[in-house]
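In the text below, chain A, chain B and the rest are named by the order of the sequence lines, each starting its count at 1. The analysis underlying the following values was restricted to heavy atoms, covering all of them including side chains, and did not include hydrogens, waters or symmetry mates.
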Number of protein chains: 2
Amino acid sequence: MLPNQYENIDRFPVALDTIIFGFDRQNLKLLLIKRDFEPEKGNWSLMGGFLEADESLDEAASRILTKLTGLKNIYLEQLYGFGEIDRDPVERTISIAYYSLINIHDHNKELVEKYSARWFPIDDLPDLIFDHHKMVEAAKGRLRHKAATQPVGFELLPEKFTLPELQQLYESIYETDLDKRNFRRRILSMNVLEKTDEKQKKFSKKGAYLYRFDSKKFEKQKAEENGAGLSFKPPKV
Amino acid sequence: MLPNQYENIDRFPVALDTIIFGFDRQNLKLLLIKRDFEPEKGNWSLMGGFLEADESLDEAASRILTKLTGLKNIYLEQLYGFGEIDRDPVERTISIAYYSLINIHDHNKELVEKYSARWFPIDDLPDLIFDHHKMVEAAKGRLRHKAATQPVGFELLPEKFTLPELQQLYESIYETDLDKRNFRRRILSMNVLEKTDEKQKKFSKKGAYLYRFDSKKFEKQKAEENGAGLSFKPPKV
DNA sequence: CCAAAAGTGTTAGGGTTACACCCATGT
DNA sequence: ACATGGGTGTAACCCTAACACTTTTGG
């Protein structure tokens, strides 16, 4: 056995913080928790936790997300590593931020209650502890970029959804209005939606057709277009 | 003073690994070092080091880069956090990868020698230790993306450069050929280049005009276009 | 019958691509 | 004079954005 050459290296707690996006058919929202421990007890915060020895970063982020939502196999993507010296007043930590997209109706209510968590509209967030605001800003940017590049956001919707709902989601992500006709054309031309013959009448008398995301078609497209990808650009501001 | 609530948290060495791009007017290259310590002694590796207590992640990456190149104020951007459990056989570490763009003629030769470092063409790299190949792939993707979105790569060139040289650089980044006329039009329409009246005659009898990157114009543009940004897209594959 | 949301096509303009010839000069 | 790389313009096409009316149906 070799001696451990890393003997004299500094070691740090590695935190994972998760930005959790949800969509309630109206607004894009974030799930935040109210800290019940010091420091910053009683203030709003992203859900987070510390890396443990037997898990990768991805696994840890996933574990932390499950802890709050009860959900497994959630869409989760690493965002950025935050490592300012004084970002945590207790002790020097570094934090890898992840963001996730979940179906807002789909989480475990008891767990959310246990953590005093609440959904906040993305454009009306409370103050957040530490550098969590920076993390949220980064996540918003990433989500916008992602939505511009590939059909994203299906994770935020129920299995079946209408085109007006999907448009509403994109409008929340871009914080702008989109033209109905152009939106439909573009999203349908991506060829990853499957129309059902059911109608959703909750929001209109006429009713809107329900669509389903066809992940087979999506995978096929991704494979064919080798990375260049399906493209959905935000309008120019 | 509060008791440290993080008392029972696991702690890990946090590595920084840097992907160093350079360009020799012909090919895009990476600066790699030959490890002179175990494990994997004698094998090629990215330049790396460990985070210390008194520096942020960015500062650490910058320190490590200076250690190898002698250069300060280098273009440096965080890439991704790598944290597989067994990525380092010595001990569980996590690594935040950074990539940087430097002028290939501009580094300290002695230091490079001290680390047995060498420039490798991007399309002819040796085997790398640990997960460094994954890091390089991620960096290539990021650079390509960045070049498509904004005028990048001036960091890789000397202060004055010709348009054919710049085109050569973009061609290396995209690994494809570009049309001379279209390239010129697009790059000049970005309005961030300043023409000098000097000519570079090293590569042709006629000589090519030298240009300079005008960072004032660039900043102005960035400000005006609020993020949407100057756009330079790669051709479709 | 009417209010309210869903659904549908066309046109004009801007941007991207494809493409070929002349210029300057060192040898 | 000629070989070598540098420099220039235009036309076709495609994609995007702008835009208004009809359909359905619950109340």
**Atom-to-atom span, CD of B/Gln167 to P of D/dG6 - whole angstrom** = 9 Å
**Message:** Parallel, tilted or perpendicular, judged at 30° and 60°: which one describes the rings of B/Tyr99 and B/Phe21?
**Reply:** perpendicular
**Prompt:** To the nearest angstrom, how far is B/Gln200 atom CD from C/dT25 atom C1'?
**Reply:** 15 Å
**Asked** How close or far is atom P of C/dA6 from atom CZ of A/Phe161, stated in whole angstroms?
**Response** 15 Å
**Criterion side chain to side chain contact (heavy atoms under 4.5 Å, CB included) against A/Tyr98, the qualifying member of A/Leu46, A/Asp17, A/Leu57** = A/Leu57
**Request:** Figure out the NZ/P separation between B/Lys195 and D/dG7, and round it to whole Å.
**Result:** 7 Å
**Request:** Determine: side-chain N/O of A/Arg186 to OP1/OP2 of D/dA17, distance under 4.0 Å, yes or no.
**Result:** yes
**Fill in**
Taken to the nearest whole Å, CG/B/Asp177 to P/C/dA18 is 12 Å
**Asked** Can you tell me if NZ on A/Lys34 sees more than 12 non-hydrogen neighbours from other groups inside 6.0 Å?
**Response** no
**Prompt:** Nucleotide by nucleotide, 5' to 3', does protein get under 4.0 Å of the base (B), only the sugar-phosphate (S), or neither (-) in nucleotides 18-27 of chain D, counting heavy atoms?
**Reply:** BBB--BBBB-
**Asked** So with a 6.0 Å cut-off around OH of A/Tyr75, is the heavy-atom count from everything else above 12?
**Response** yes
**Request:** Using atom CG of B/Leu210 as one end and atom C1' of D/dG6 as the other, report the distance to the nearest whole Å.
**Result:** 13 Å
**Request:** Would you list the pairs meeting salt bridge (charged side-chain N to carboxylate O under 4.0 Å, His left out) in which at least one residue belongs to residues 113-131 of chain B, sequence neighbours left out?
**Result:** B/Arg87-B/Asp131
**Salt-bridge criterion met for B/Asp179 and B/Arg181 (N-O under 4.0 Å)** = yes
**Asked** Can you check the B/Leu178 CG to C/dT16 C1' distance for me, whole Å?
**Response** 13 Å
**Message:** Just the rounded figure in Å: distance from C1' of C/dT10 to CZ of A/Arg184.
**Reply:** 17 Å
